[in-house]
Amino acid sequence: MANEITGIGPARDLTDAIGGPNHRLKSIYVEELVGTSRLKVDAIAAGLLASDEKARLNGLYPSGELTFHCDPDGDWSLKTPGTQEAPFRSLMTALSALRNRYGGITEKLTLRFNPGVYQKEYITLDMRGMGIPILHLQQVDPNNPGIIQGYGTIEFGNGNFNVANAYFRSEGGLKFVNNSNVSAWGNNLTSEVTGNNPKAYLNISSSLFNFSQGKIRLIGNQTSPSWAMVIESYSVGYISPSEFFLEKIPSFNNSFVILNGYSNASFGGSTFTSSPSPAGKRYEAYTFSILDTGGGGANFFPGTGAGQLDGSSTYS
């Protein structure tokens with residue numbers, strides 16, 4: 001079948017199609033042009049498909065919500081149904097199957113994780129590229145969560161993420177970046193770090209977050225991170241109140257938490273359990289940042305040294 005766009009002529013790729021006179025993909029051959037995941041994602045995200053084409057192609061990608069199931073003993077194959085009876089082997093396998101099968105387009109994807117330890121993989125997700133506005137990582141048994149393992153830093157970006165009761169184990173910590181909106185409100189979140197001297201166990205950059213009324217576990221391997229938490233680059237959020245549990249973290253090379261770059265975080269009412277208290281500064285705040293402890297005082301955060309502010313930031 002010829003790779004041709006009605007009113008445009010032969011199209012080598014999506015750029016050719018965009019440059020055509022009608023700026024629309026209306027051909028009966030559109031499946032061939034957008035047959036690859038990447039082109040389909042770009043075409044739909046850019047609004048290049050006419051409404052009738054979207055309706056006609058509805059069978060090629062889901063327009064509502066999807067639920068995939070994962071199990072440590074599941075299947076690596078992208079042809080796996082992803083049902084409870086035939087689950088995927090890992091988070092990235094499920095996402096690859098979504099992209100392969102539907103071009104990565106769905107309004108919401110829920111991944112249900114059975115208990116167990118999942119095989120380590122590289123996890124760096126840009127949801128804008130996937131075309132998924134909402135990713136919900138759901139535990140089948142919240143009291144026995146599946147442990148998601150990653151090489152280096154586990155990174156999520158450009159999306160809405162619900163990570164209630166999730167357990168992440170990585171070499172470099174857990175990071176949410178680039179206009180993400182992340183929530184574990186009212187639930188648990190665990191970040192275990194196995195690497196030596198990571199930057200942080202939990203890093204939030206240019207994003208919104210809500211970890212209120214839950215339990216946050218930060219687990220190390222007896223080495224010292226630069227910080228336990230980094231909140232930077234216009235990030236805003238609430239961790240008030242929450243219960244923090246710090247394990248196998250002897251000290252911070254810098255401090256427990258740092259706010260930087262017009263960031264704002266509220267920890268009011270939170271509690272911290274760590275025995276003994278890690279050595280290092282309690283907090284830092286720079287470049288017009290606001291660190292709110294709800295009147296918790298100078299010794300609110302874990303650590304053995306005084307906090308540090310620049311002249312533009314506030315601590316209360």
Side-chain angles (χ1 to χ4, degrees), residues 137 139 142-145 147 161-170 173-176 182-193 198-204 207-232 235-260 263-285 289-309 313-316:
L137 306 184
Q139 302 297 324
N143 296 315
N144 185 19
I147 299 178
F161 305 99
N162 188 318
V163 293
N165 299 308
Y167 191 127
F168 297 97
R169 177 184 291 160
S170 64
L174 178 61
K175 189 172 185 178
F176 296 94
V182 55
S183 174
W185 183 88
N187 291 278
N188 302 334
L189 176 64
T190 299
S191 176
E192 178 182 355
V193 175
K199 177 180 179 180
Y201 295 94
L202 183 57
N203 189 334
I204 301 167
S207 298
L208 304 177
F209 59 95
N210 187 348
F211 301 138
S212 296
Q213 300 184 34
K215 295 180 179 179
I216 299 176
R217 283 184 164 83
L218 307 177
I219 305 173
N221 66 344
Q222 302 298 349
T223 64
S224 300
S226 297
W227 299 274
M229 295 185 65
V230 172
I231 302 170
E232 59 187 353
S235 292
V236 177
Y238 297 91
I239 315 179
S240 57
S242 289
E243 299 177 67
F244 282 82
F245 298 88
L246 280 62
E247 303 175 26
K248 301 179 183 179
I249 305 175
S251 62
F252 313 118
N253 289 330
N254 293 307
S255 63
F256 170 77
V257 61
I258 179 173
L259 268 68
N260 198 10
S263 295
N264 186 331
S266 174
F267 287 81
S270 293
T271 60
F272 302 86
T273 300
S274 177
S275 181
S277 183
K281 288 183 291 190
R282 301 179 187 277
Y283 63 86
E284 298 171 82
S289 294
I290 301 173
L291 183 51
D292 178 15
T293 68
N299 297 329
F300 178 77
F301 291 109
T304 55
Q308 183 175 335
L309 298 172
S313 299
T314 59
Y315 177 92
S316 61

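Predicted model, so just to flag it, every value in this text is computed and none were measured.
Contact annotation: the side chain of Phe301 approaches that of Leu291 to within less than 4.5 Å [non-hydrogen atoms, C-beta and beyond]. Counting only heavy atoms from C-beta outward, the side chains of Lys248 and Asn221 never approach each other to under 4.5 Å. Using a 4.5 Å heavy-atom cutoff, the side chains of Asn162 and Trp185 are not in contact. The shortest side-chain heavy-atom distance between Phe211 and Val182 falls under the 4.5 Å cut-off. Taking the side chain as every heavy atom from C-beta outward, Leu246 and Pro278 approach each other to under 4.5 Å.
In summary, of the residues considered (Asn187, Asn143, Leu189), a side chain to side chain contact (heavy atoms under 4.5 Å, CB included) with Asn165 occurs for Asn187 alone. Checking each of Val257, Asn203, Ile204 against Val230 for a side chain to side chain contact (heavy atoms under 4.5 Å, CB included) leaves exactly one that passes, namely Asn203.
For Asn299, the side chain to side chain contact (heavy atoms under 4.5 Å, CB included) criterion is met by Arg282, not counting sequence neighbours. Partners of Phe252 under the ring pair (Phe, Tyr, Trp, His ring centres under 6.0 Å) rule, at least two apart in sequence or in another chain, are Phe256.
Rounding to the nearest 0.5 angstrom, the gap separating the OG1 atom in Thr190 from the CG atom in Leu202 is 11.0 Å. Taken from OG1 in Thr273 to CD in Glu247, the straight-line distance is 10.0 Å, to the nearest 0.5 Å. Rounding to the nearest 0.5 angstrom, the gap separating the CD1 atom in Ile258 from the NZ atom in Lys281 is 8.0 Å. One distance of note links CD1 of Ile290 with OG of Ser266; it measures 10.5 Å at 0.5 Å rounding. In this structure, Glu232 CD and Leu259 CG are separated by 9.5 Å, a value rounded to the nearest 0.5 Å. Note that OG of Ser313 is 10.5 Å distant from CD of Gln308, once rounded to the nearest 0.5 Å.
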| task | Run the numbers on Tyr283 and Tyr315 for ring pair (Phe, Tyr, Trp, His ring centres under 6.0 Å), then give the verdict. | result | CA-CA 9 Å; Tyr283 63 86; Tyr315 177 92; 4.0 Å; yes
| said: Working note: Phe176 + Phe209, criterion side-chain contact (heavy atoms from CB on, under 4.5 Å); need CA distance, chi angles, decisive distance, verdict. | reply: CA-CA 9 Å; Phe176 296 94; Phe209 59 95; over 6 Å; no
| request: Would you check, one step at a time, whether the test side-chain contact (heavy atoms from CB on, under 4.5 Å) holds for Ile219 with Tyr201? | output: CA-CA 8 Å; Ile219 305 173; Tyr201 295 94; over 6 Å; no
| request: For side-chain contact (heavy atoms from CB on, under 4.5 Å), just list the numbers for Phe168 and Leu137, CA-CA rounded to whole Å, side-chain angles, deciding distance to a tenth of an Å, and then say yes or no. | output: CA-CA 11 Å; Phe168 297 97; Leu137 306 184; 3.8 Å; yes
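Heavy-atom neighbours of Tyr238 OH from other residues, nucleotides or ligands within 6.0 Å: at or below the threshold of 12.
Between Ser240 and Gly268, the shortest heavy-atom distance links the atoms CB-O, 2.9 Å. When all heavy atoms of Ser255 and Glu284 are compared, the closest pair comes out as OG-OE2, 2.7 Å. Taking all atoms of both residues into account, the shortest heavy-atom contact from Pro198 to Val193 is CG-CG1, 3.5 Å. For Ala228 against Pro225, the heavy-atom pair with the smallest separation is N-CG, 4.5 Å. Listed here is the closest heavy atom pair of Ser263 and Ile231: OG-O, 3.7 Å.
Note: Phe267 and Phe300 fail the aromatic proximity criterion, with ring centroids not under 6.0 Å apart.
Formation of a donor-acceptor pair under 3.5 Å by the Ser274 side chain with backbone atoms of Ser277 is not found in this model. Of the possible polar contacts, none joining the Ser226 side chain to the Asn253 backbone as a donor-acceptor pair under 3.5 Å is found. Checking side-chain atoms of Ser270 against main-chain N and O of Glu243 turns up no donor-acceptor pair under 3.5 Å.
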